[in-house]
S.K.: 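What follows is a structure written as structure tokens; I'll ask about it next.
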There are 2 protein chains.
Amino acid sequence: MNMSADVGDLVQIDLARVRATRGALAASDSVQALADTFSALGDPTRVRILDALSHGELCVCDLAAVLRLSQSAVSHQLRLLRGLRLVRPRRDGRVVFYSLDDQHIMAIFRQTLQHVEEGRKPGAGVREPRTAKRAKADR
Amino acid sequence: MNMSADVGDLVQIDLARVRATRGALAASDSVQALADTFSALGDPTRVRILDALSHGELCVCDLAAVLRLSQSAVSHQLRLLRGLRLVRPRRDGRVVFYSLDDQHIMAIFRQTLQHVEEGRKPGAGVREPRTAKRAKADR
DNA sequence: TGTTCATATGAGCAGTTTCTCATAAATTAT
DNA sequence: ATAATTTATGAGAAACTGCTCATATGAACA
């Protein structure tokens with residue numbers, strides 16, 4: 001284990017800037033919360049679930065049909081999304097309807113899509129066609 | 001392999017709603033792009049990198065010092081973020097400075113934090129303290 | 001009460017991820 | 001050129017993810 005750049009190692013580190021930046025960092029609570037949430041959004045299946053629900057509530061059963069996934073897979077994912085309050089259940093008899101729990105999410109989708117589109121613009125040629133994530137993507 | 005709810009299985013599926021919703025789903029390109037991007041944001045280390053860079057550009061070396069990570073780890077993560085055009089490199093001699101490549105990201109961070117805060121509000125008691133993601137979180 | 005339908009959950013496998021170590025590549029200075 | 005410094009990358013280990021299968025739980029109805 002060699003943390004390489006513990007401030008103090010005599011590398012060419014701009015100590016002033018390092019300390020200043022450190023002082024301005026977000027609380028680790030916030031960092032963790034952000035990562036948890038994005039992590040939940042960082043899966044095609046869950047994006048599709050949220051996208052589907054954005055058009056209105058659906059029961060687990062219909063949701064599975066819409067996305068052509070097994071009921072079990074959908075249920076597992078819903079539990080995760082529920083835990084992060086991204087979706088909300090409403091029981092009606094033996095059926096459970098799910099809906100988006102927070103309109104922020106769709107706004108975030110929109111903005112993120114904007115970021116993505118931004119990249120496909122004429123100007124700057126794409127340096128690296130995103131090989132890294134593609135792996136997971138094409139699974 | 002039992003896709004359970006292929007439309008046609010005679011379960012209690014609302015065929016009309018299923019088909020309607022299907023027609024309104026986002027293109028799989030967009031879904032994939034969203035998932036790829038969120039996936040990149042869904043890791044504490046990368047969130048911290050972006051947060052640090054949001055205060056101004058930093059060379060790899062300083063960034064590693066700020067976050068107390070190895071140079072190698074930072075470099076690997078930067079490659080990933082670069083691939084998704086979340087950060088951009090600028091070479092100056094043998095040093096490479098990285099900066100945020102898109103202001104959208106900080107806006108997305110802000111909105112996502114809003115979502116998170118929303119949950120900590122007085123009203124609705126937290127049903128499930130986010131056990132699922134905690135695992136990864138506490139790694 | 002017992003059966004049926006809808007949803008939830010536990011276990012386990014196959015594929016990914018992220019880190020570390022070792023080493024290559026790039027750039028400046030001697 | 002050679003050495004020194006900074007960044008990039010490949011390989012491999014340990015941990016994590018998302019799916020399926022099997023089964024439990026919950027609600028409605030005979």
Side-chain angles (χ1 to χ4, degrees), chain A residues 1-5 9-14 35-36 39-40 42-49 58-65 67-83 87 89-98 127-128 131-139, chain B residues 1-5 9-14 35-36 39-40 42-49 58-65 67-83 87 89-98 127-128 131-139:
Chain A
M1 184 197 314
N2 173 7
M3 287 316 226
S4 145
D9 284 15
L10 277 302
V11 244
Q12 297 300 76
I13 291 181
D14 183 338
D36 284 352
S39 199
D43 174 83
T45 297
R46 289 189 291 267
V47 168
R48 293 203 303 144
I49 289 177
L58 287 170
C59 66
V60 178
C61 176
D62 285 0
L63 192 48
L67 305 179
R68 299 184 211 264
L69 287 170
S70 73
Q71 175 267 318
S72 181
V74 171
S75 210
H76 275 297
Q77 298 293 26
L78 285 173
R79 165 151 80 154
L80 204 164
L81 295 173
R82 217 194 306 138
V87 303
R90 171 178 80 78
R91 181 144 221 151
D92 180 12
R94 38 186 152 188
V95 180
V96 177
F97 287 93
Y98 278 86
R127 248 174 235 277
E128 203 162 341
T131 324
K133 279 327 227 182
R134 263 290 167 264
K136 169 174 189 181
D138 296 333
R139 178 185 352 154
Chain B
M1 185 194 316
N2 173 8
M3 287 315 227
S4 145
D9 284 12
L10 276 301
V11 243
Q12 296 301 74
I13 291 183
D14 182 339
D36 283 352
S39 199
D43 173 84
T45 297
R46 288 189 292 266
V47 168
R48 293 203 303 143
I49 289 176
L58 287 170
C59 64
V60 179
C61 176
D62 286 359
L63 192 49
L67 305 178
R68 301 186 210 262
L69 288 171
S70 74
Q71 175 268 316
S72 182
V74 171
S75 210
H76 275 297
Q77 298 293 27
L78 285 172
R79 165 150 82 153
L80 204 164
L81 294 173
R82 218 194 308 139
V87 301
R90 172 179 78 77
R91 180 146 222 147
D92 179 12
R94 41 185 150 186
V95 180
V96 177
F97 287 93
Y98 277 86
R127 246 173 236 279
E128 203 162 343
T131 325
K133 278 325 226 181
R134 262 291 168 262
K136 171 175 188 181
D138 295 334
R139 178 189 349 157

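Bear in mind the structure is a predicted one, so any value in this text is a computation, not a measurement. Worth knowing before you read on, the calculation uses all heavy atoms, side chains too, and leaves out hydrogens, waters and symmetry mates. Naming: A, B, ... by sequence-line order, numbering from 1 per chain.
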S.K.: side-chain hydrogen bond (donor to acceptor under 3.5 Å, both in side chains) with Arg90(B): which residues, sequence neighbours excluded?
M.R.: Glu57(B)

S.K.: What about Gln71(B): does its side chain form a donor-acceptor pair under 3.5 Å with the base of dA8(D)?
M.R.: yes

S.K.: With Ser72(A), which residues qualify under side chain to side chain contact (heavy atoms under 4.5 Å, CB included), at least two apart?
M.R.: Ser70(A), His76(A)

S.K.: Enumerate the protein-to-nucleotides 27-30 of chain C contacts in which both atoms are nitrogen or oxygen and the separation is below 3.5 Å.
M.R.:
none

S.K.: Give a yes or no on whether a donor-acceptor pair under 3.5 Å exists between the nucleobase atoms of dT7(D), that is its base, and the side chain of Ser72(B).
M.R.: no

S.K.: Main chain of Leu81(A), side chain of Arg79(A): is a donor-acceptor contact present, judged purely on distance under 3.5 Å?
M.R.: no

S.K.: Closer than 4.0 Å, any side-chain N/O of Gln77(A) to the OP1 or OP2 of dT17(D)?
M.R.: no

S.K.: Quick check against the 3.5 Å criterion: does Asp62(B) have a side-chain atom that pairs as donor or acceptor with the backbone of Ile13(A)?
M.R.: no

S.K.: Below the 4.0 Å mark, does dT20(D) have OP1 or OP2 next to a side-chain nitrogen or oxygen of Ser70(A)?
M.R.: yes

S.K.: Kindly point out which of dT7(D), dT9(D), dT7(C) is positioned nearest to the side chain of Val95(B)?
M.R.: dT7(D)

S.K.: Categorize Tyr98(A) for me: base, sugar-phosphate, or nothing, with a 4.0 angstrom heavy-atom threshold over every strand shown.
M.R.: sugar-phosphate

S.K.: Measure the distance between the ring centre of His76(B) and the centre of the six-membered base ring of dT9(D), then answer whether it is under 5.5 Å with planes under 30°.
M.R.: yes

S.K.: Name all residues meeting the side chain to side chain contact (heavy atoms under 4.5 Å, CB included) criterion together with Val60(B); count only those two or more places apart in sequence or in a different chain, and write none if there are none.
M.R.: Gln71(B), Val74(B), Leu78(B), Tyr98(B)

S.K.: State which of dC19(D), dT9(C), dT20(C) makes the closest approach to the side chain of Ala73(B).
M.R.: dT20(C)

